[in-house]
There are 2 protein chains.
Amino acid sequence: MTQPPSTSAPATAQDGPLPRQRRTYSIGELAKMFEVTTRTIRFYEQEGLLAPERRGQTRIYDEKDRVRLKLTLRGKRLGFSLAEIREVVMMYDAMPDGNRRQLRRLIEILTDKRRNLERQLEDIRLMQLELDDVERRARDVLASLGDSD
Amino acid sequence: MTQPPSTSAPATAQDGPLPRQRRTYSIGELAKMFEVTTRTIRFYEQEGLLAPERRGQTRIYDEKDRVRLKLTLRGKRLGFSLAEIREVVMMYDAMPDGNRRQLRRLIEILTDKRRNLERQLEDIRLMQLELDDVERRARDVLASLGDSD
DNA sequence: CAAGACCTTTACGTTAACGTAAACCTCGGC
DNA sequence: GCCGAGGTTTACGTTAACGTAAAGGTCTTG
């Protein structure tokens, strides 16, 4: 790295409503932090999951962006598509001035996701049992191999 | 369906080692059973995850095949690739006459998968908290909307 | 024997989620 | 002044996991 990890300019006295820790990040920093490529991060922006500020051409990410990315990647690990993730994220953002219909729709989606997670929990439980079984057998065979081969 | 659900011919007296329930399935039956297309099932075979017998041209699936398919689909729901699933499945099959190196490798893979599952468990827990939070906020906003709108 | 219902193979099409390459800008340090 | 480490856009390539015809075989039921 050529520059020290980017921090914003020290807050002056008359700054806004106490921006407690106004740390910012470059795209490269985030990439290393989450072990993804910069391409991935730019792609997520293109897909409407991130919207960093710009200093000239350069993207500047703040805390909110970092959290977004974290949640996005977590969703991915759970097998959600970017479209699904965006659906929730965008509705969350639009929530304050959402109308009844939108809010009910959001709650509906959330319920659905939750059902999904419950099923995954069960799947994991079953899968763990399977793995236990396979490993036990493998160890048995290994032991029975004794000192031959 | 034109034919009744396929069952094998009634076992004759001198049959093998007591095939307790020798039920068989057509590709269409399995497809309905698991809510996938026949294309998917044929694709899994092509990828080396299934190997049904043939009666002429037609595929005949037995209990073992059905379980395989079930496990495969469960793996998919957990975000495993077909390649990963095949890796475990094939090693499992090759286990009895596997050498030490293969067995150790299998156990290694299993440990890795298990780590994966643990992480998913944590991800799910966190994701559930997020969803709870979002839903709570949504309900708050909805309530605050009172009778307006 | 014709119509369905089911099966088969072959093969090209599609989508999501990036990878990869080219060509360029820009800043700080030697 | 230029070099290297970062950043940028544009655009074509790739992979997994199927979807979607098209063209044909087999059986049974009216």
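Each chain gets a letter, A, B and so on, in the order its sequence line appears, and its residues count up from 1.
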What is the distance, to the nearest angstrom, from the CZ atom on A:Phe43 to the P atom on C:dT15? 14 Å
B:Ile41 CD1 to C:dC7 P, in whole Å, measures 9 Å
With sequence neighbours left out, what residues match B:Arg119 under salt bridge (charged side-chain N to carboxylate O under 4.0 Å, His left out)? none
I need the OH-P distance between B:Tyr61 and C:dT8, as an integer number of Å. 6 Å
Applying side chain to side chain contact (heavy atoms under 4.5 Å, CB included), can you list everything that pairs with B:Arg54, at least two apart in sequence or on another chain? B:Glu45, B:Arg59
Give me the residues of residues 69-76 of chain B where at least one heavy atom lies under 4.0 Å from an atom of DNA chain D, by number, or none. B:Lys76
Distance check needed: D:dC12 P versus A:Gln46 CD, whole Å only. 14 Å
NA contact type, A:Arg55, heavy-atom cut-off 4.0 Å: base, sugar-phosphate, or nothing? nothing
note: A:Phe34, atom CZ; C:dC18, atom C1'; distance rounded to Å ~ 18 Å
If you measure from CG on B:Leu49 to CG on B:Leu73, what distance do you get to the nearest 0.5 Å? 10.0 Å
Nearest-Å distance for atom pair CZ/C1', residues B:Arg54 and C:dC7: 10 Å
Let me spell it out: for each of B:Phe80 and A:Thr58, pick the nucleotide of DNA chain D with the closest heavy atom. Which residue's pick is nearer the 5' end? A:Thr58
Contacts of type salt bridge (charged side-chain N to carboxylate O under 4.0 Å, His left out), residue A:Glu87, not counting sequence neighbours: A:Arg105
With B:Arg42 via salt bridge (charged side-chain N to carboxylate O under 4.0 Å, His left out) - residues at least two apart: none
Distance test, side-chain N/O of B:Tyr44 to OP1/OP2 of D:dA17, below 4.0 Å: no
List in chain and number order the residues that pass salt bridge (charged side-chain N to carboxylate O under 4.0 Å, His left out) with A:Arg125, two or more places apart in sequence or in another chain; answer none if no residue qualifies. A:Glu122
Of all pairs that satisfy side chain to side chain donor-acceptor pair (under 3.5 Å), the ones with a partner from residues 126-135 of chain A, not counting sequence neighbours: A:Asp132-B:Arg114, A:Asp133-A:Arg136, A:Asp133-A:Arg137, A:Glu135-A:Arg139, A:Glu135-B:Arg114
Give me the distances for all protein-to-nucleotides 20-22 of chain C N/O pairs that come in under 3.5 Å?
from	atom 1	to	atom 2	distance (Å)
C:dT20	O4	A:Arg39	NE	3.2

B:Ala138: partners by side chain to side chain contact (heavy atoms under 4.5 Å, CB included), with sequence neighbours left out: A:Met95, A:Leu103, A:Leu106, A:Ile107
How long is the straight-line distance from CZ of A:Arg66 back to CG of A:Leu71, given to the nearest 0.5 Å? 10.0 Å
Send over the distance from A:Gln57 CD to C:dT26 C1', rounded to a whole Å. 10 Å
Distance in angstrom units between A:Glu45 CD and D:dT8 C1', rounded: 12 Å
Establish, with yes or no, whether the OP1 or OP2 oxygen of D:dG7 is under 4.0 angstrom from a side-chain nitrogen or oxygen of A:Arg59. no
Taking only side-chain nitrogens and oxygens of A:Ser26, does any of them come within less than 4.0 Å of OP1 or OP2 of D:dG6? no
